[in-house]
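The structure appears right after this line, and notes come after that.
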Amino acid sequence: MILAGACIKLYVNNKLYKEVQDVSYTLDYDENSIRGIDCAFPQEIAPGRASVAGSVRGLRLKNSGGIQAYDIRPLIKDILSSPYISIRIQDRATKEDILFIPNAKIKRQAVSAAARGTLKLSFDFEGLVGFEALDRA
């Protein structure tokens, strides 16, 4: 089965994030090859520090409050007590979780606006652990 069109839903803190248009993420397993002395070929591959990072691109709707209204980022005065958030990407038809990140933080947000276009909002996230579909089974 191939996902095509508007086949995903994005949940942030278990709330549907309707403004999403594009999601991309990378799971980096950081596996390292271990070599013996004077050996050109690796003897084994050892696990390292796994991480997950990605970005969400979408629209910034009028009077929506942006990502602060979704409690994704705190107010500027509360920047030091910024909470972790959960991110879940779900297949719209089967309700299967494609990716679930229980602890993530928003690292960066960007806004772009055309003179006669839509206001676009994107944000980058980094997570502690990324669970894929079979990890959650």
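Keep in mind it's a predicted model, so treat the numbers as computed, not measured. One is the number of the first residue; the rest follow in order along the sequence. Only heavy atoms go into these numbers, but all of them, side chains included; no hydrogens, no water, no symmetry mates.
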Identified salt bridge (Lys or Arg N to Asp or Glu O under 4.0 Å) partner of Asp124 from the options Lys107, Lys105, Arg108: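 Answer to the salt bridge (Lys or Arg N to Asp or Glu O under 4.0 Å) test with Asp124 among Lys107, Lys105, Arg108: Arg108.
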
Taking a hydrophobic cluster as the set of Ile, Leu, Val, Met, Phe, Trp and Tyr residues connected by side-chain heavy atoms closer than 4.5 Å, whether directly or through intermediates, do [X] and [Y] fall within one such cluster?
X: Tyr11; Y: Val56; result: no
X: Ile106; Y: Val52; result: yes
X: Leu99; Y: Val23; result: yes
X: Tyr84; Y: Val129; result: yes
X: Leu16; Y: Phe100; result: no

Nearest 0.5 Å please: distance from the [atom1] atom of [X] over to the [atom2] atom of [Y].
X: Leu121; Y: Gln109; atom1: CG; atom2: CD; value: 5.5 Å
X: Leu119; Y: Ser112; atom1: CG; atom2: OG; value: 7.0 Å
X: Ile85; Y: Phe125; atom1: CD1; atom2: CZ; value: 8.5 Å
X: Ser86; Y: Lys15; atom1: OG; atom2: NZ; value: 10.5 Å
X: Asn32; Y: Glu44; atom1: CG; atom2: CD; value: 11.0 Å

Exercise: identify the closest heavy-atom pair between Ala40 and Arg35: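 Closest approach of Ala40 to Arg35, heavy atoms only: O-NH1, 2.7 Å.
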
Candidates Leu27, Thr26, Asp30, Asp28 - the one meeting side-chain contact (heavy atoms from CB on, under 4.5 Å) with Ser51: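 Of the listed residues Leu27, Thr26, Asp30, Asp28, the side-chain contact (heavy atoms from CB on, under 4.5 Å) partner of Ser51 is Asp28.
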
Do [X] and [Y] make a side-chain contact, defined as non-hydrogen atoms from C-beta onward lying under 4.5 Å apart?
X: Tyr25; Y: Ile98; value: yes
X: Arg88; Y: Asn14; value: yes
X: Tyr29; Y: Pro47; value: no

Flag, side chain of Asp91 to backbone of Ile8, donor-acceptor distance under 3.5 Å: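 Judged by distance alone, no pair lies under 3.5 Å.
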
Gln43 side-chain N/O to Phe41 backbone N/O, donor-acceptor pair under 3.5 Å: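 Pair found, side chain donor or acceptor close to backbone of Phe41.
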
Donor + acceptor pair across side chains of Arg57, Ser55 (<3.5 Å):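 Yes.
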
Step-by-step side-chain contact (heavy atoms from CB on, under 4.5 Å) determination, Leu10 to Ile87: CA-CA 7 Å; Leu10 177 73; Ile87 296 175; 3.7 Å; yes

